[in-house]
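Everything on this sheet refers to the single structure shown next.
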Amino acid sequence: MRQTFDKEQFQKDLLQWYEKEKRDLPWRRTSNPYYIWVSEIMLQQTRVDTVIPYYLKFIERFPTMESLAEADEEELLKLWEGLGYYSRVRNLQIGVREVVEHYGSEVPKTRKEISSLKGIGPYTAGAILSIAYNLPEHAVDGNVMRVYSRLFEIPDDISKPKTKKIFDELVTKTISHEDPSSFNQAIMELGAVVCTPRNPHCLLCPVQEHCAAYASGTPLDYPVKKGKTKVRKVDIFPFVLQDEQGRYLMRKRPSEGLLANMWEFPYVERASEDLTDPQQQLEKQLNTKIKVGQTYEPYKHIFSHLHWNIYATNGRIVDSNDIKETATMKFFTIEEMKALPMAVPVQVLFKQILNHIIL
DNA sequence: AAACCGGGGCC
DNA sequence: GGCCCAGGTTT
């Protein structure tokens with residue numbers, strides 16, 4: 001650490017600012033470690049404003065760890081619908097079950113024990129320990145790395161796993177032992193509202209005088225991050241297929257991988273240079289004949305690592321006796337479909353169906 | 001160490 | 001269109 005850094009004054013400036021400016025968020029009105037846990041999982045890679053309504057619904061439905069431990073996965077996924085990263089909620093339930101069964105329903109208070117729980121990595125362990133139990137543990141996320149990389153002009157590439165150790169140690173050295181909970185939340189709050197990626201509000205920053213990058217006029221040079229991921233483009237051909245009774249054929253995705261266990265309209269995918277007919281592909285896959293109807297307006301869905309161009313068609317199964325219903329391939333009525341967890345690109349189609357029926 | 005895993009907001 | 005977000009797990 002550079003010699004001119006005044007740790008005590010830094011903590012004081014930061015905590016005074018936080019006490020005055022902190023946002024009133026639902027999970028800041030509790031120190032219940034289970035509620036903090038839920039909020040931290042939801043906040044992974046997800047913005048505060050998005051999380052708030054999901055958090056309130058989730059806590060209302062599952063006010064205790066015991067109630068969550070007993071929940072059906074389908075209901076969990078439905079509550080999580082639209083948040084993304086659906087394995088988060090399954091891991092959360094697994095972790096909560098471990099606490100109920102092996103820790104007497106008391107969230108453990110050591111990094112070693114809490115880190116052993118499913119879905120709790122180094123960041124979430126530190127966040128729960130500090131926020132709920134007021135222990136001086138580091139909780140380093142993207143915000144913290146950005147703030148500290150500017151405070152100390154850290155030249156290391158934050159996309160490299162090895163670099164994280166530098167930030168863990170810096171936070172451990174500088175964290176307030178009088179109020180670790182507020183300290184960690186204050187750093188994250190600072191990163192969220194002041195020390196932002198593109199437009200840092202340095203003139204409003206409570207720790208401006210402690211910031212090496214500000215002194216050098218280089219905040220935008222930090223954090224150092226490189227490494228691009230190129231997105232794969234795929235054409236998706238979903239078929240909205242009804243049987244003779246007007247029910248819709250839905251398919252449940254595999255239990256692992258992209259959008260695990262979510263429901264979808266059966267689709268085939270095709271690389272752009274492939275010329276095979278999607279309808280024939282699906283007929284072969286389902287071993288049935290399809291009478292196609294109309295096509296929907298094509299639309300896109302962007303994942304961080306994948307770019308879907310979606311060309312949907314509706315139609316009918318010529319003879320629904322061809323389809324042997326299974327746990328992962330069934331006909332549903334509209335009302336039944338409303339209870340199925342569907343990812344956003346699937347909901348786009350479902351909403352079109354609902355609108356068409358009303359008209 | 002690198003790949004995988006959603007979705008939305010912002011510039 | 002690219003980047004970012006209160007990351008963790010798997011390979």
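Within every chain, numbering begins at 1; the chains are lettered A, B, ... in the order of the sequence lines, protein sequences first and strands thereafter. Owing to the predicted nature of the structure, the values given are computational and were not obtained by experimental measurement.
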How long is the line joining [atom1] of [X] and [atom2] of [N], in whole Å?
X: A/Arg88; N: C/dA6; atom1: CZ; atom2: P; result: 12 Å
X: A/Arg47; N: B/dC11; atom1: CZ; atom2: P; result: 10 Å
X: A/Trp37; N: C/dA6; atom1: CH2; atom2: C1'; result: 17 Å
X: A/Arg90; N: C/dT10; atom1: CZ; atom2: P; result: 10 Å
X: A/Tyr222; N: C/dC3; atom1: OH; atom2: P; result: 20 Å
X: A/Tyr85; N: C/dT9; atom1: OH; atom2: P; result: 14 Å

Quick check for you: among [options], whose closest atom lies nearest to any side-chain atom of [X]?
X: A/Lys118; options: C/dC4, C/dT10, C/dA6; answer: C/dT10
X: A/Leu43; options: C/dG2, C/dG8, C/dA6; answer: C/dA6
X: A/Leu259; options: B/dG7, C/dG2, C/dG7; answer: B/dG7
X: A/Leu258; options: C/dG7, B/dG6, B/dG8; answer: B/dG6
X: A/Asn91; options: C/dC4, C/dT9, B/dA1; answer: C/dT9
X: A/His307; options: C/dC3, C/dG1, C/dA6; answer: C/dG1
X: A/Glu189; options: C/dG1, B/dG6, C/dA6; answer: C/dA6

Who else is in the cluster with A/Ile290 when I, L, V, M, F, W and Y are joined by side-chain contacts under 4.5 Å?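 In the cluster with A/Ile290 are A/Phe237, A/Phe239, A/Leu241, A/Leu249, A/Val268, A/Leu282, A/Leu286, A/Val292, A/Tyr311, A/Ile317, A/Ile323, A/Met329, A/Phe331.
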Members other than A/Val224 in its cluster, when Ile, Leu, Val, Met, Phe, Trp, Tyr link by side-chain heavy atoms under 4.5 Å?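 Its cluster partners, ordered by chain and number, are A/Tyr222.
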Excluding sequence neighbours, so at least two apart, what forms side chain to side chain contact (heavy atoms under 4.5 Å, CB included) with [X]?
X: A/Glu19; answer: A/Lys22
X: A/Tyr35; answer: A/Thr30, A/Asn32, A/Tyr55, A/Ile59, A/Pro63
X: A/Ser31; answer: none

Looking at DNA chain C, which of residues 18-33 of chain A put a heavy atom within less than 4.0 Å of it? A/Arg23, A/Leu25, A/Trp27, A/Arg28
With the threshold set at under 4.0 Å for non-hydrogen atoms, list the residues of residues 125-140 of chain A touching DNA chain C in residue-number order.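 Heavy-atom cutoff 4.0 Å gives no residues at all.
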So if I take residues 341-351 of chain A and measure heavy-atom distances to DNA chain B, which residues fall below 4.0 Å?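 Only A/Ala343, A/Val344, A/Pro345 qualify.
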Presence of [X] side-chain N/O under 4.0 Å of [N] phosphate oxygens OP1/OP2:
X: A/Gln44; N: C/dA6; result: no
X: A/Ser87; N: C/dT9; result: no
X: A/His301; N: B/dG7; result: yes

Considering only the C1' atoms, how many Å lie between B/dG6 and C/dC3, rounded to the nearest integer? 16 Å
Can you tell me how far P in B/dC11 sits from the matching atom in C/dA6, rounded to whole Å?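 Taking atom P in both B/dC11 and C/dA6, they lie 14 Å apart.
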Hey, can you tell me if A/Phe303 and A/His305 have their rings parallel, tilted or perpendicular (30° and 60° cut-offs)?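 Correct class here is tilted.
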Tell me every residue that passes side chain to side chain donor-acceptor pair (under 3.5 Å) with [X], counting only those two or more places apart in sequence or in another chain.
X: A/Asp179; answer: A/Ser182
X: A/Lys284; answer: none
X: A/Asn184; answer: A/Ser130

With sequence neighbours excluded, what pairs up with A/Lys351 under the salt bridge (charged side-chain N to carboxylate O under 4.0 Å, His left out) test? none
Output field: ring centroids A/Trp263/A/Phe332 closer than 6.0 Å: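 Centroid separation for A/Trp263 and A/Phe332: below 6.0 Å.
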So, A/Glu169 and A/Lys173, do they make that salt bridge, N to O below 4.0 Å?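 No, this pair does not count.
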Against A/Ile114, only a single residue in A/Val99, A/Thr124, A/Ile128 fulfils side-chain contact (heavy atoms from CB on, under 4.5 Å); can you say which? A/Ile128
Where each residue is assigned the nucleotide of DNA chain B containing its nearest heavy atom, which of A/Leu83 and A/Pro161 is assigned the position nearer the 5′ end?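 Upstream on the strand: A/Pro161.
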